[in-house]
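Here the structure comes first, spelled out in structure tokens, and everything after it is commentary.
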There are 2 protein chains.
Amino acid sequence: MYAMSLAQIGYFVNIRELARASGVSTATVSRALNDRAEVSEATRERIRRLATELGYAPNEPARTLVRRRSDTIGLIWDSGQEARGQHNPFLLGLLSAVRTALSEADYHLMLLTTPAAEEADGSYLQAVRRHNLEGVIVLTTPPDDRCLRVLAASNVPCAGIDTGFTGPRTVRVSSDNAAGAEAAVDHLYGLGHRRIATVTGPLHLPPAAERLAGYRRACERLGLAVPPEYVTEGDFFLASGETAARKLLDLAQPPTAIFAAGDQMAIGAMHVAADAGLSVPRDLAVVGFDDIDASALVRPSLTTVAQDQRALGEAAVTALRGLLDAGPGKTKLEAEPRIIPTRLLVRGSSRPRA
Amino acid sequence: MYAMSLAQIGYFVNIRELARASGVSTATVSRALNDRAEVSEATRERIRRLATELGYAPNEPARTLVRRRSDTIGLIWDSGQEARGQHNPFLLGLLSAVRTALSEADYHLMLLTTPAAEEADGSYLQAVRRHNLEGVIVLTTPPDDRCLRVLAASNVPCAGIDTGFTGPRTVRVSSDNAAGAEAAVDHLYGLGHRRIATVTGPLHLPPAAERLAGYRRACERLGLAVPPEYVTEGDFFLASGETAARKLLDLAQPPTAIFAAGDQMAIGAMHVAADAGLSVPRDLAVVGFDDIDASALVRPSLTTVAQDQRALGEAAVTALRGLLDAGPGKTKLEAEPRIIPTRLLVRGSSRPRA
DNA sequence: CTGTTAGCGCGTTCAC
DNA sequence: GTGAACGCGCTAACAG
């Protein structure tokens, strides 16, 4: 309590004072606090107690300097979407999961900033070196980010969630997009639907391509025909879902169900159906992907393939730690992607037809 | 280009090598790179060029150690909501804004982790000292967080967005909740509504209390009666909005319009109205607060009082920098809150009655 | 088991 | 205008 008041007025103890107070050398204090084996249990305990009593906190910059490691991980997330005013609704969940997992592993987290447009190709790499970062976690960033490519090409350990980049010490973590899409189609098929169309995301993005592949695979397995006009490309946003749905419903043989690769597009499809006087799910069933907040709030609520943000975040941290522990030599880990299962949430937009 | 390849194989230049390469002492290099006046323009330019060429990056831990300042800000956000699986939809916008504003001011950002439950009351404070953080930004954290109270009570500069804590070097930034609520009521009044009820948030939270105050003030100014049963307390989540709306619509004199202090509750009210066979906005107008993503996606789309996340984030950074520049002496700044205007987004749930 | 010593990379005195 | 020397707080090597 005495110590707390000291700390509150801005007085901090350093290792030297702690040593003086406990009657040993700074080296012993350091050993005790860092759980080195060569300290007697008695002195360790004494130092420990005194440390908390005096409110001692190690100076991390100093530790980093001498140990040559910071126990700090950098975090990068997509700012391209932000620029367009579009926030990826997953980011927050991923961020929380990553933060929690990292702190449980005793790593600190530093938020890296996307560089200004100029020729700052190496700025992520520079940041890593400036701060002695051990590795970087990248959240849903477009693979065409030059600055990021430079980073991935370096020997800095990187774990990416839903990213497409590769490099010597890179791991990718992502949801099982294909299986999720398959589950969605299976679900609709089980409901009796035989004319199932899809609205995809931008097909140059891996998740979008994988979801389409899953859709195709399920249709093939189930013996469903997929006329070319049943596959329409969107951009994950609302308007593109509306446009696509309008096109699909205008077909001579309109689908009775739509699987959209993103929830916003799925919601757009529901709007169009309502405007056309169709009842969801009776006249048209809709399944989305992602489980954004809005999916539970719209009416009817949206059946969707939910991603497990928590598991994704934890997997990214685990993967990164794997890279860190393996050391610079082991480049074999690169290709080993981490796939996280999805979960189908059946809601109002696809309840069994009466 | 040559330098880049060196950096990519993990070879880093430090100030000593830079000095050798440019034929001066490390002192001169330091002066040149830190824009000290005592260096000749010629050598400064030469050193600069060589630095970028060789991919030199200063070692921040070392700089922090010797300068006794880290240029780093800590970031804390509410994890209570996360634990309950409820993400505050604003967080992401605030985070981006804070990150951008901070990096423009040449500060680095460190994510702090909420401590495990144990008796870690001082852990934020400890983190600040460990990393030599200059200050902390707190995003929407409940004011009853003990760990946070210890931090706020210290002399660490803190800027909080939508938080209720106070301390010797603390600034609070928040939306103009009262004015926003007033604008919502004015809007409904302008549409011809005279029986306007409200669903509040938990009234122990400042934003909830302020929005209710604004509602009351507007009603008073407009000469509208506010029977006690027109004010129902919710918790910002969907279900509470539904419950409240049911109660309101069951009244002998049901309101023709509802102002909900949060969008989720407003959407809940719309659900209840629909279930009761009422048409929104014809039979019941609804206005929310926050402008969460879902508000633009539901049907009818939700009229809402939008918070300016960008401005909030920037204001927090500005306020914090004010505290930092003022130094430990100036405790006067504490009480000066930053109020950010809101914006009424008129959408389908309150379009003029036919 | 413990103490002494030597830097980690940098900014900052002092001299010149 | 520039260089040499020192030390920030801490850990690691080496003695004892």
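Small disclaimer: the values here were computed from a predicted structure and weren't measured. Here is the naming used below: chain letters follow the sequence lines, and residue numbers restart at 1 for every chain.
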List the residues meeting salt bridge (Lys or Arg N to Asp or Glu O under 4.0 Å) with Arg130(B), not counting sequence neighbours, and say none if there are none.
Glu60(A)
Between Arg67(A) and Asn132(A), is any side-chain donor less than 3.5 angstrom from a side-chain acceptor?
no
What is the distance from CG of Asn132(A) to P of dC10(C), rounded to the nearest Å?
10 Å
Tell me whether the side-chain N/O atoms of Thr28(A) come closer than 4.0 Å to OP1 or OP2 in dC1(C).
no
Using a cut-off of 4.0 Å between protein heavy atoms and nucleotide atoms, how would you tag nucleotides 8-16 of chain D 5' to 3' with B, S and -?
BBSBBB---
Let me have the donor-acceptor pairs involving side chains of residues 313-326 of chain B, under 3.5 Å, with sequence neighbours excluded, atom names and distances please.
{"unit_1": "Glu314(B)", "atom_1": "OE2", "unit_2": "Arg310(B)", "atom_2": "NE", "d": "3.0"}
{"unit_1": "Thr318(B)", "atom_1": "OG1", "unit_2": "Glu314(B)", "atom_2": "O", "d": "2.9"}

Quick check against the 3.5 Å criterion: does Thr28(B) have a side-chain atom that pairs as donor or acceptor with the backbone of Val24(B)?
no
Expressed in angstrom and rounded to an integer, what is the separation of Arg20(A) atom CZ from dG3(C) atom P?
15 Å
Nucleotide dG1(D), atom C1' - distance to CD of Glu45(B) in whole Å
17 Å
Taking only side-chain N and O atoms of Ser25(A), does any of them lie within less than 4.0 angstrom of OP1 or OP2 on dT4(C)?
no
Nucleotide dG9(C), atom P - distance to NE2 of His131(A) in whole Å:
17 Å
Between Leu33(B) (CG) and dT12(C) (C1'), how many Å, whole number?
15 Å
Just to be sure I understand the rule, does Thr43(B) reach a base, reach only the sugar-phosphate, or reach nothing, if contact means heavy atoms closer than 4.0 Å?
sugar-phosphate
Any sub-3.5 Å donor-acceptor pair from Thr72(B)'s side-chain atoms to Ser70(B)'s backbone N or O?
yes
Backbone N or O of Cys147(A) within a donor-acceptor pair of the Asp145(A) side chain at under 3.5 Å?
yes
